[in-house]
Amino acid sequence: MARETITKVVVPVAGMGTRLLPATKSQPKEMLPVGRRPVVQYVVEELEEAGLKQILFITGRKKSAIEDHFDPDPELVSTLAAGGGYALLEELRYTETDARFFYTRQSVPKGLGDAVGHGREFVGDEHFVVALGDSIIKSPDGSSLLKIMIKAHLEHGAACTVAVERVAPDEVYRYGIVKPAAGQEDQENFDLEDVVEKPRPDTAPSNLAIAARYVFSPAIFEAIQRTAPDRQGELQLTDSIRLLIQLGHKVRAVCLRPGEQRYDIGNFESYFKAFIDFALADEKYGYLVRQYLKRKAREI
Ligand code: UTP
């Protein structure tokens with residue numbers, strides 16, 4: 001079943017985004033701007049860079065803005081062209097892609113595991129990628145972490161390969177945390193013995209947090225089906241990955257490289273940090289933002 005390449009990806013965007021209220025009362029958090037683009041546009045660009053051309057969004061209520069964003073808009077294009085707005089037309093180039101977008105609804109957001117489970121028919125018997133729609137991976141020189149993950153996943157015959165990043169020990173309670181296999185702790189690419197969702201710092205098996213990107217074999221769907229909901233009634237994807245390990249499947253991790261960063265837009269603190277970093281790195285406005293922030297920093 002292991003294929004030479006992977007082309008399908010599932011992008012869950014159906015969560016309620018309650019931690020970002022009121023900003024997310026009537027719009028998807030995945031559409032919040034980071035610098036000039038909405039979060040989910042960076043995610044799709046990253047997927048295209050990795051050669052992933054069939055993209056299934058797991059959507060929900062109040063998420064139709066995501067579909068509109070990736071849909072070509074001939075009326076807007078002809079209005080801009082008629083007015084000579086060629087620079088602005090460039091900003092719409094991202095809609096001229098050969099990627100194909102598919103949408104299915106998770107009517108009740110019952111957790112990330114449940115959301116991924118909605119991709120079963122689309123995926124069929126192929127290996128596939130899951131990329132969280134609310135998290136940006138910024139890679140050095142625009143190189144692709146997903147390409148590295150896919151290669152490692154297929155070479156090792158894994159059922160699951162997760163991206164991981166080191167987080168501060170007092171932040172492990174926010175993430176799925178992995179336990180590397182004994183003796184492999186210092187490698188960049190290693191087998192997992194266990195994964196734990198949001199552990200207490202004193203019981204966490206490491207400070208390596210799952211970083212919003214996954215590669216799976218279809219075995220994950222069986223594991224999701226067999227996973228019990230947590231206390232909030234949600235199916236946690238981390239629990240399904242744990243089950244894969246317990247069932248004897250090979251589950252691996254690939255570390256983010258030096259200079260590579262995950263931006264999780266799920267809470268205001270990291271959203272603000274992401275916006276500042278992207279604004280500072282902006283080709284056109286970065287200089288002005290730097291001047292402004294320097295001035296502000298002297299005032300505080
Ligand atoms: P989060 O874990 O941040 O959950 O989702 P959330 O429900 O969106 O946010 P809060 O906790 O209410 O603030 C991570 C990614 O998984 C998707 C989200 O849309 C986000 O992109 N997700 C989450 C789903 O698609 N379905 C779910 O049931 C939960």
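In this chain, numbering begins with 1 at the start of the sequence shown. This one's a predicted model, so the numbers in the text were calculated from it and none came from an experiment. For ligands, and for the atoms within them, numbers begin at 1 and follow the listed sequence.
- For atom 22 (N) of ligand 1, the nearest non-hydrogen atom from the set Ala115, Gly15, Ser135, Pro109 belongs to Gly15.
- With respect to atom 25 (O) of ligand 1, the closest heavy atom belonging to the protein is Ala14 N, 2.8 Å.
- With ring centers used as reference points, Phe57 lies under 6.0 Å from Phe70.
- The protein heavy atom nearest to atom 14 (C) of ligand 1 is Asp134 OD2, 3.6 Å.
- Side-chain contact annotation: Ser144 with Glu49, donor-acceptor N/O pair under 3.5 Å absent.
- In terms of protein heavy atoms, atom 11 (O) of ligand 1 is closest to Arg19 NE, 3.2 Å.
- Every N/O-N/O distance between Ile58 and ligand 1 stays at or above 3.5 Å.
- The aromatic rings of His69 and Tyr94 sit parallel to each other, their planes meeting at less than 30°, with 60° as the upper class boundary.
- Side-chain atoms of Arg61 and Ser107 form no donor-acceptor pair, as typed in the model, at a separation below 3.5 Å.
- By the 30° and 60° cut-offs, the orientation of the rings of Tyr214 relative to Phe216 is parallel.
- Linking Ile, Leu, Val, Met, Phe, Trp and Tyr whenever their side-chain heavy atoms come within less than 4.5 Å leaves Val9 and Phe221 in two separate clusters.
- Using a 4.0 Å cut-off to heavy atoms of Gly133, the atoms of ligand 1 that qualify are 21 (O).
- Taking every heavy atom of Glu30 and a limit of under 4.0 angstrom, the matching atoms of ligand 1 come to 18 (C), 19 (O), 20 (C), 21 (O).
- Checked against the 6.0 Å centroid threshold, Tyr42 and Tyr263 do not count as a close aromatic pair.
- Evaluated by nearest non-hydrogen atom to atom 6 (P) of ligand 1, the leading choice among Lys29, Gln236, Gln232, Gln106 is Lys29.
- Close N/O approach between Gly266 and ligand 1 is not found [any backbone or side-chain N/O within under 3.5 Å].
- At the top of the distance list for atom 28 (O) of ligand 1, counting protein heavy atoms only, stands Gly111 N, 2.8 Å.
- Annotation: atom 7 (O) of ligand 1 to nearest protein heavy atom, Met16 N, 3.4 Å.
- Listed by number with element, the atoms of ligand 1 under 4.0 angstrom from any heavy atom of Lys110 are 28 (O).
- For the side chain to side chain contact (heavy atoms under 4.5 Å, CB included) test with Val40, the passing option among Lys29, Lys63, Glu45, Glu30 is Glu30; the others fail.
- The protein heavy atom nearest to atom 16 (O) of ligand 1 is Leu112 CD1, 3.6 Å.
- Contact between Asp114 and ligand 1 is absent, with no heavy atom of the residue lying under 4.0 Å from the ligand.
- Of all protein heavy atoms, the one closest to atom 12 (O) of ligand 1 is Thr18 OG1, 2.6 Å.
- Transitive grouping of hydrophobic side chains (ILVMFWY, heavy atoms separated by less than 4.5 Å) keeps Met31 and Ile265 in distinct clusters.
- Taking 4.5 Å as the limit, every side-chain heavy atom of Lys8 sits out of range of all side-chain heavy atoms of Val129.
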